[in-house]
Amino acid sequence: MPINPSIKPKTPARFQQALLKWFDQHGRHDLPWQQDINPYRVWVSEIMLQQTQVTAVIPYYLRFMESFPTVQALAAASQDQVLAHWSGLGYYARARNLHKCAQTVVSEHGGKFPRDVEALTELPGIGRSTAGAIASISMGLPAAILDGNVKRVLARIHAVAGWPGQTAVANAMWEIAERYTPAERTGDYTQAMMDLGATLCTRSRPACQRCPFENHCVARAQGNPTDYPGKKPKKEKPERQTTLLLIEHDGELYLEQRPATGLWGGLWIPPQLEDDDGGEASAQEWLAAQDLDAREIQALPLLRHTFSHFHLDIHPVWISLPLKPTRVAEGASGWYKLRQLDRPRSRQDLGLPAPIAKLVKQLVALREPLLAPC
DNA sequence: AATGCGGGGCA
DNA sequence: TGCCCAGCATT
């Protein structure tokens with residue numbers, strides 16, 4: 001790829017024109033949140049899309065909208081119901097913020113999202129970019145966004161060096177984003193930028209040949225579009241160990257609710273021995289301490305779950321009890337049918353972290369011959 | 001196994 | 001203001 005130093009990005013007006021033309025012809029217009037557009041629907045989609053790709057979000061979004069069609073419905077729901085709908089998406093603090101935000105919109109804004117970026121930003125879980133997306137897409141206001149897709153597109157077109165996590169780099173990109181954002185058709189422009197980043201200007205193997213800015217992109221001219229945006233400096237992830245006690249009686253599993261904030265906040269998991277890699281042996285110890293008798297104990301294969309800042313090695317131990325104990329945990333806890341836990345639709349009031357859902361699935365497979373004799 | 005995604009919250 | 005925090009899909 002020859003380097004052409006004379007290449008220049010388009011002026012804002014030409015940029016908008018080319019982008020909107022591309023969007024009209026090749027962009028996606030049939031996504032669920034592009035139908036019946038209103039602030040509530042756009043807001044929910046934006047929060048989900050912050051962390052997950054479109055194809056994964058769609059089923060969650062449809063289920064969410066079916067259960068909570070309005071901000072009032074969401075505000076009236078229990079946090080457990082909301083977390084259950086979020087179960088498997090990750091970043092559960094966002095679901096908690098989503099719920100809190102709905103209640104704020106109802107109690108302090110009469111059930112209407114405020115029609116201005118600054119006021120939107122005050123709401124829990126809504127930052128500058130998400131506020132811009134809601135304002136432009138659902139209200140037609142001339143507000144800029146700078147999500148991951150837009151960062152990638154702009155960083156490449158202008159060959160912006162550095163990692164966008166750095167304040168100076170982010171500020172430079174916001175300035176470019178504001179400069180390009182048009183006063184007319186702002187919502188279409190916003191969706192077009194996100195669409196371009198998601199479908200053509202992808203992290204790896206960008207489809208530059210099909211890009212409307214192929215001949216006006218500095219990174220393309222340099223021949224190294226994937227060098228932009230700059231990478232986050234990486235650091236070592238520590239490893240932590242934990243033993244999970246999958247306590248089962250008669251097809252039911254014992255679960256406890258996590259504290260409201262922090263890791264897996266508000267979600268339901270089996271009793272946990274933290275910083276423990278003893279597996280079966282420490283499970284025996286725990287049972288003795290609880291004065292419980294197990295009918296059967298079986299260590300299951302190690303499950304490594306990686307969080308953003310550490311690895312968690314989960315040592316699951318399946319414990320089959322002959323009798324259901326009367327013991328009650330400090331916090332919320334309960335016994336739940338394994339086969340219901342295994343079907344998201346039938347555990348509408350219970351959020352499970354992804355690795356726990358995976359373990360439940362394994363357990364069901366293990367138990368299936370016993371549960372459903374043919 | 002590495003990567004990245006947007007915002008909250010704390011020193 | 002600059003860090004650290006958080007869960008999963010994709011690659």
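This one's a predicted model, so the numbers in the text were calculated from it and none came from an experiment. So that the names make sense, note that chain A is the first sequence line, chain B the second, and so on, each numbered from 1. For the numbers below, each heavy atom of this structure counts, side chains included, while hydrogens, waters and symmetry mates do not.
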K.L.:
If you check every side-chain atom of A/S204, which of C/dG2, C/dG7, C/dT11 has the closest atom?
P.N.:
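When the side chain of A/S204 is considered, C/dT11 is the closest of C/dG2, C/dG7, C/dT11.
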K.L.:
In residues 187-198 of chain A, which residues come under 4.0 Å of DNA chain C by heavy atom?
P.N.:
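Nucleic-acid contacts, sorted: none.
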K.L.:
Side chain to side chain donor-acceptor pair (under 3.5 Å) with A/E175: which residues, sequence neighbours excluded?
P.N.:
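Side chain to side chain donor-acceptor pair (under 3.5 Å) list for A/E175, sorted by chain: empty.
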K.L.:
Is the shortest side-chain N/O distance from A/H305 to OP1 or OP2 of C/dG7 below 4.0 Å?
P.N.:
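Result: no.
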K.L.:
Would you indicate what A/T167 reaches in the nucleic acid, counting non-hydrogen atoms under 4.0 angstrom: base, sugar-phosphate, or nothing?
P.N.:
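Counting heavy atoms under 4.0 Å across all strands, the contact made by A/T167 is with sugar-phosphate only.
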K.L.:
Under the side chain to side chain contact (heavy atoms under 4.5 Å, CB included) rule, collect the residues that match up with A/P355, sequence neighbours excluded.
P.N.:
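For A/P355, the residues satisfying side chain to side chain contact (heavy atoms under 4.5 Å, CB included) (neighbours in sequence not counted) are A/W264, A/L303, A/H305, A/I314, A/P353.
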K.L.:
Starting from P on C/dG7, measure out to CD1 on A/I314 and report it in whole angstrom.
P.N.:
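After rounding, the gap between these two atoms is 13 Å.
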K.L.:
When the distance from CG of A/L312 to P of C/dC5 is rounded to whole Å, what number comes out?
P.N.:
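Interatomic distance, CG of A/L312 to P of C/dC5: 15 Å.
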K.L.:
State, yes or no, whether a side-chain contact exists between A/L363 and A/L359 at a heavy-atom distance under 4.5 Å.
P.N.:
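A/L363 vs A/L359: side chains apart.
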K.L.:
Among residues two or more places apart or on two chains, list those pairs meeting ring pair (Phe, Tyr, Trp, His ring centres under 6.0 Å) that have a residue in residues 111-154 of chain A.
P.N.:
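Every pair satisfying ring pair (Phe, Tyr, Trp, His ring centres under 6.0 Å) with a residue in residues 111-154 of chain A: A/W43-A/F113.
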K.L.:
Can you tell me which residue pairs pass the salt bridge (charged side-chain N to carboxylate O under 4.0 Å, His left out) test with a partner in residues 124-145 of chain A, sequence neighbours excluded?
P.N.:
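Counting only pairs at least two positions apart or across chains, the salt bridge (charged side-chain N to carboxylate O under 4.0 Å, His left out) contacts touching residues 124-145 of chain A are A/R128-A/E178.
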K.L.:
Holding to side chain to side chain donor-acceptor pair (under 3.5 Å), I want the full list of residues that pass it with A/Q79, two or more places apart in sequence or in another chain.
P.N.:
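Side chain to side chain donor-acceptor pair (under 3.5 Å) check on A/Q79 returns nothing, list empty.
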K.L.:
Excluding sequence neighbours, so at least two apart, what forms side chain to side chain donor-acceptor pair (under 3.5 Å) with A/N97?
P.N.:
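Applying side chain to side chain donor-acceptor pair (under 3.5 Å) to A/N97 gives none.
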K.L.:
Which salt bridge (charged side-chain N to carboxylate O under 4.0 Å, His left out) pairs, counting each pair once, include a residue from residues 149-160 of chain A, with sequence neighbours left out?
P.N.:
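Listed once each, the pairs would be none.
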K.L.:
What is the distance from CZ of A/R304 to P of C/dC8, rounded to the nearest Å?
P.N.:
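The answer, rounded to whole Å, is 16 Å.
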K.L.:
Using a 4.0 Å heavy-atom cut-off, write out nucleotides 5-11 of chain B from 5' to 3' as B (base contacted by protein), S (sugar-phosphate only) or - (no contact).
P.N.:
BBSS---
K.L.:
Counting side-chain heavy atoms from C-beta on, which of C/dG2, C/dC8, C/dT10 comes nearest to A/P355?
P.N.:
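The closest nucleotide is C/dC8.
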K.L.:
Please classify the nucleic acid contact of A/G88 as base, sugar-phosphate, or nothing, using heavy-atom distances under 4.0 Å.
P.N.:
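A/G88: backbone/sugar contact only, no base atoms under 4.0 Å.
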